[in-house]
*Asks:* 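Take a look at the following structure, please.
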Amino acid sequence: MEYKLFYAPGTASMAVHWMLIELGVPFEAILVDIERGDQRNPNYLKLNPTGRVPTLVVDGMPYGETVALMMLLAERHAESGLVPEPASLKRAEWLQLAIYIANTLMPAMRDWLYAAKDGDPEGASAVKALAEKRISSVWDDFEARLLKNGDYLLGDDFGMVDMLAIMLMRWSRNMPCSAIDRPGLRDYVERIIRRPSFIELSTREGLSGWPA
Ligand SMILES: N[C@@H](CCC(=O)N[C@@H](CS)C(=O)NCC(=O)O)C(=O)O
């Protein structure tokens, strides 16, 4: 199995990068300088016509969309146990949570972070205010799940949705709706970032300073 990840530090590619490290599979990581606009380079657009990161080239074929890539990796490396098995009781809850994050939290994050770029800058503050409400309600949902389920979003086992959640919670660090203002979510973050795979990811991507 051959993997080539096109990534930019701390962005949506971060969770895929983390998962590849957690899985311990060989892969090549190629930096895309999104500040310089490399994601709009014609050669990159051939791999990912949306002009966004991540792109994961799997056995020579390029694919995008963070959550789909993580689901694909989980399927290809089922022995990792990073997602519940198809016949397990947790499978439906996992699917629901992964799609909830992809459909609700990720678009709201994009709206908050790119309101003035993707849309009319004059309307940006209204877009951000709505996005903030949506993001906060997801943090409330996560906090309630942890109270009910235990150490991780789906219960006792760390998995794919936790990597996704940590990436998105980190994005909120400079927002008025920072996830770790909730004590349960702060504990969750502090527990997970001690994992060797997160430490390795942070070294490779140069991530630091969160949570302060
Ligand atoms: N739905 C996409 C969103 C990807 C996305 O928005 N990536 C951002 C970085 S977090 C990006 O490439 N931004 C550069 C740009 O839009 O020009 C996914 O989940 O992969």
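Each ligand, and each atom within it, is numbered from 1 in the order the structure gives. Below, all heavy atoms of this structure are taken into account, side chains as well, without hydrogens, waters or symmetry copies.
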*Asks:* Counting each atom of ligand 1 from 1 as listed, which ones have a heavy atom of Pro54 under 4.0 Å away?
*Replies:* 20 (O)

*Asks:* Among Tyr7, Tyr63, Phe6, Tyr114, which one puts a heavy atom closest to atom 13 (N) of ligand 1?
*Replies:* Tyr114

*Asks:* Do the non-hydrogen side-chain atoms of Lys46 and Asn43 ever get within less than 4.5 Å of each other?
*Replies:* yes

*Asks:* May I ask you to check whether Asn48 and Tyr63 show a side-chain donor-acceptor distance below 3.5 Å?
*Replies:* no

*Asks:* For ligand 1 and Val53, I'd like to know whether there is a polar contact (N/O to N/O, distance under 3.5 Å).
*Replies:* yes

*Asks:* Does the side chain of Pro176 reach to within under 4.5 Å of the side chain of Lys128, using non-hydrogen atoms?
*Replies:* no

*Asks:* Checking the N or O distance criterion of under 3.5 Å, is ligand 1 in contact with Thr11?
*Replies:* no

*Asks:* Give the atom numbers and elements of ligand 1 that come within less than 4.0 Å of a heavy atom of Arg40.
*Replies:* 17 (O)

*Asks:* Using a strict 4.0 Å cut-off to heavy atoms of Met106, name the atoms of ligand 1 that fall inside it.
*Replies:* 19 (O)

*Asks:* May I ask which of Leu113, Thr66, Asp38 has a heavy atom nearer to atom 18 (C) of ligand 1 than the others do?
*Replies:* Thr66

*Asks:* Hydrophobic clustering (ILVMFWY, side-chain heavy atoms < 4.5 Å, transitive) - are Leu113 and Val127 grouped together?
*Replies:* no

*Asks:* Does either side chain, that of Thr55 or that of Tyr7, offer a donor lying less than 3.5 Å from an acceptor on the other one?
*Replies:* no

*Asks:* By number and element, which atoms of ligand 1 are closer than 4.0 Å to a non-hydrogen atom of Gln39?
*Replies:* 14 (C), 15 (C), 17 (O)

*Asks:* Which residue owns the protein heavy atom closest to atom 1 (N) of ligand 1, what's the atom, and how far is it?
*Replies:* Glu65 OE1, 2.8 Å

*Asks:* For this output row, return yes or no: ring centroids of Tyr3 and His77 closer than 6.0 angstrom.
*Replies:* yes

*Asks:* Any heavy-atom pair between the side chains of Lys4 and Phe27 that's under 4.5 Å?
*Replies:* no

*Asks:* Looking only at protein heavy atoms, identify the closest one to atom 10 (S) of ligand 1 and say how far it is in Å.
*Replies:* Ala12 N, 3.3 Å

